[in-house]
Every structure is written in structure tokens, then in C-alpha cells.
Amino acid sequence: KRARILSRLHDREEALKDIQKAWSLEPTSQTLARRAELHLHKNHLEDASADCLQALQLNPANKRARFIMGSIARKQGDYQRAIKDFSSAIQLDGTYLDARLQRAACLEELNQLKAALVEYDRVIELDPGRLEAFLRRGRLNFLGQDFYGALKNYNMALKFNRGDVQITFE
């Protein structure tokens with residue numbers, strides 16, 4: 001738990017030390033996934049990948065390790081592989097919203113905008129207060145010149161972020 005707090009405080013070196021200690025005391029798939037995440041944040045993609053592969057050998061149903069593998073592939077620009085990894089994480093947990101958001105972002109990169117919109121709709125269906133999904137969906141509406149759709153999504157994002165603020169066309 002201390003490592004998670006340190007990671008959120010961006011003291012990743014100290015967090016990595018704590019994860020190493022936890023791994024020596026209790027080598028689990030979860031510990032490896034946490035260590036992989038720290039490597040990913042430090043952009044040590046090979047170390048992150050190695051930890052994920054080992055975590056998945058210990059527990060093939062480790063959704064976090066599959067998510068991190070998708071994040072590694074996305075950073076490397078391999079969007080097809082990233083989509084596959086994010087989809088694997090979603091198959092393990094259909095409510096894994098971060099995996100859905102990342103999969104949608106990869107779909108955008110591949111110019112599969114309708115599929116990305118469907119994914120954002122699913123995120124909003126699962127969590128109607130998910131600000132990021134409204135912002136991304138609004139951006140896609142804007143790019144598709146659906147300005148009223150964009151306005152609607154941006155207003156929903158503002159509603160959840162600020163209350164009753166509205167954007168209007170003039």
C-alpha cells in the first residue's frame with residue numbers, strides 16, 4: 001500500500017524499492033504488475049514487459065498486467081496489439097473503464113472513429129460521471145463536424161466537473 005501512495009506522489013524510485021521488498025516477501029502476480037506499472041511510468045518498457053509476462057505466467061487472469069501490456073504496445077505505436085491487450089483485460093472485467101478508454105484511444109489512432117465512439121458510449125453507460133469519456137467523445141463529434149453533439153458532450157463534461165456551467169453557440 002505504501003508503494004501505491006508513493007507512486008501517486010510521484011516518488012517512483014522509493015515506490016519501486018517498496019515493491020521489490022514486497023516481491024521478496026511475497027512473490028505474487030499482483031506485485032509484479034505493480035512493479036511493471038512503475039517501470040512503465042519511468043518509460044522502462046522492456047522491464048515493464050518482462051514483469052507483465054512473468055505476472056501472466058503466475059496468473060493469466062491478471063487484468064492489470066494485460067492492461068499494462070496494452071499500454072506498452074500503445075507507447076510503442078503498435079495499436080493493433082494494444083487493442084488486443086486492452087480487449088483481454090476487458091474480457092476479464094467488463095467494467096474495466098481505463099482499459100475501455102485506452103482501447104478507444106487506440107481505435108482513434110487507427111481512424112476507427114465510430115468504433116471509438118461506441119466504446120466511449122459504453123464507458124459513459126457504465127460510469128455516467130466519467131469526464132474523460134465526454135471530453136473525448138466531444139472531440140470526435142467536433143472532428144466529424146457534429147458541432148451540436150460536441151457541444152452536448154462538452155456541456156456534460158462541464159456539468160460533472162463544475163456544476164451548472166454551460167457552453168452555447170453564439
Side-chain angles (χ1 to χ4, degrees), residues 1 3-12 15 30 33-34 36-43 45 48-49 52 55-56 60-170:
K1 289 185 179 189
R4 274 191 228 152
I5 293 168
L6 289 168
S7 180
R8 288 188 181 131
L9 295 172
H10 300 287
D11 189 351
R12 295 196 172 99
Q30 290 300 95
R34 286 190 199 111
E37 190 168 19
L38 290 170
H39 285 306
L40 176 66
H41 287 300
K42 292 170 60 177
N43 217 31
L45 303 183
S49 181
C52 282
L56 291 169
N62 185 326
K63 68 179 183 180
R64 190 71 187 157
R66 295 201 181 274
F67 174 83
I68 295 166
M69 290 296 289
S71 298
I72 293 167
R74 184 172 179 218
K75 278 190 173 213
Q76 294 172 331
D78 188 348
Y79 302 112
Q80 292 290 355
R81 193 179 96 221
I83 289 169
K84 182 181 174 189
D85 290 330
F86 292 132
S87 295
S88 293
I90 293 165
Q91 283 179 331
L92 294 168
D93 178 358
T95 63
Y96 198 170
L97 299 182
D98 289 335
R100 287 186 177 280
L101 286 168
Q102 292 304 314
R103 182 168 70 179
C106 291
L107 289 166
E108 284 186 55
E109 291 290 340
L110 295 173
N111 207 28
Q112 297 177 17
L113 304 184
K114 287 183 181 179
L117 280 169
V118 168
E119 196 67 61
Y120 293 134
D121 288 342
R122 183 71 176 129
V123 170
I124 291 167
E125 180 183 312
L126 291 167
D127 181 3
R130 193 67 178 241
L131 178 71
E132 187 175 4
F134 284 109
L135 292 173
R136 288 184 180 185
R137 194 168 71 174
R139 186 173 53 78
L140 288 181
N141 289 139
F142 185 82
L143 291 173
Q145 297 190 357
D146 175 6
F147 301 118
Y148 286 103
L151 185 65
K152 177 183 170 190
N153 281 291
Y154 290 141
N155 278 328
M156 290 300 290
L158 285 169
K159 176 183 173 186
F160 288 111
N161 193 41
R162 303 252 189 238
D164 291 330
V165 178
Q166 290 280 315
I167 300 172
T168 58
F169 279 124
E170 302 249 347

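Between the NZ atom of K159 and the CG atom of L131 there is a distance of 13.0 Å, given to the nearest 0.5 Å. Taking CZ of R137 as the start and CD1 of I124 as the end, the distance is 3.5 Å to the nearest 0.5 Å. Rounding to the nearest 0.5 angstrom, the gap separating the CG atom in D121 from the CG atom in L126 is 11.0 Å. Atom CD of E125 sits about 12.0 Å away from atom OG1 of T95, to the nearest 0.5 Å. Within the model, atoms CD of E132 and CG of L101 stand 5.0 Å from one another, a figure rounded to the nearest 0.5 Å. If you take CZ on R81 and CE on M69, they are separated by 5.5 Å, rounding to the nearest 0.5 Å.
Residues forming a salt bridge (charged side-chain N to carboxylate O under 4.0 Å, His left out) with R74 (at least two apart in sequence, or on another chain): none.
Nearest approach of S71 to L40, heavy atoms of both residues: CB-CD2, 3.6 Å. Between I90 and A99 the shortest heavy-atom distance is CG1-CB, 3.7 Å. Closest non-hydrogen pair, I68 versus A33, comes out as CD1-O, 3.2 Å. A pairwise comparison of heavy atoms in A65 and A55 identifies CB-CB, 4.1 Å as the closest pair.
Each of R103, R66, R130 was compared with D98 under the salt bridge (Lys or Arg N to Asp or Glu O under 4.0 Å) criterion, and only R130 meets it.
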Review point. Does the side-chain contact (heavy atoms from CB on, under 4.5 Å) test come out yes or no for N153 and L135, once each step is laid out?
Key: CA-CA 7 Å; N153 281 291; L135 292 173; over 6 Å; no
**Study point:** Steps toward side-chain contact (heavy atoms from CB on, under 4.5 Å) verdict (N43, L45)
**Key:** CA-CA 5 Å; N43 217 31; L45 303 183; 3.8 Å; yes
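Between the side chain of D127 and the main chain of V123, no donor-acceptor pair closer than 3.5 Å is present. Using a distance-only test at 3.5 Å, with no hydrogens or angles considered, a donor-acceptor pair links the side chain of S87 to the main chain of I83.
Looking at Q102 and Y96, their side chains never bring a donor and an acceptor atom within 3.5 Å of each other.
Counting only heavy atoms from C-beta outward, the side chains of F134 and Y154 never approach each other to under 4.5 Å.
Between F86 and F67, the gap from one ring centroid to the other is short of 6.0 Å.
With salt bridges taken as basic N to acidic carboxylate O contacts below 4.0 Å, none links R136 and E108.
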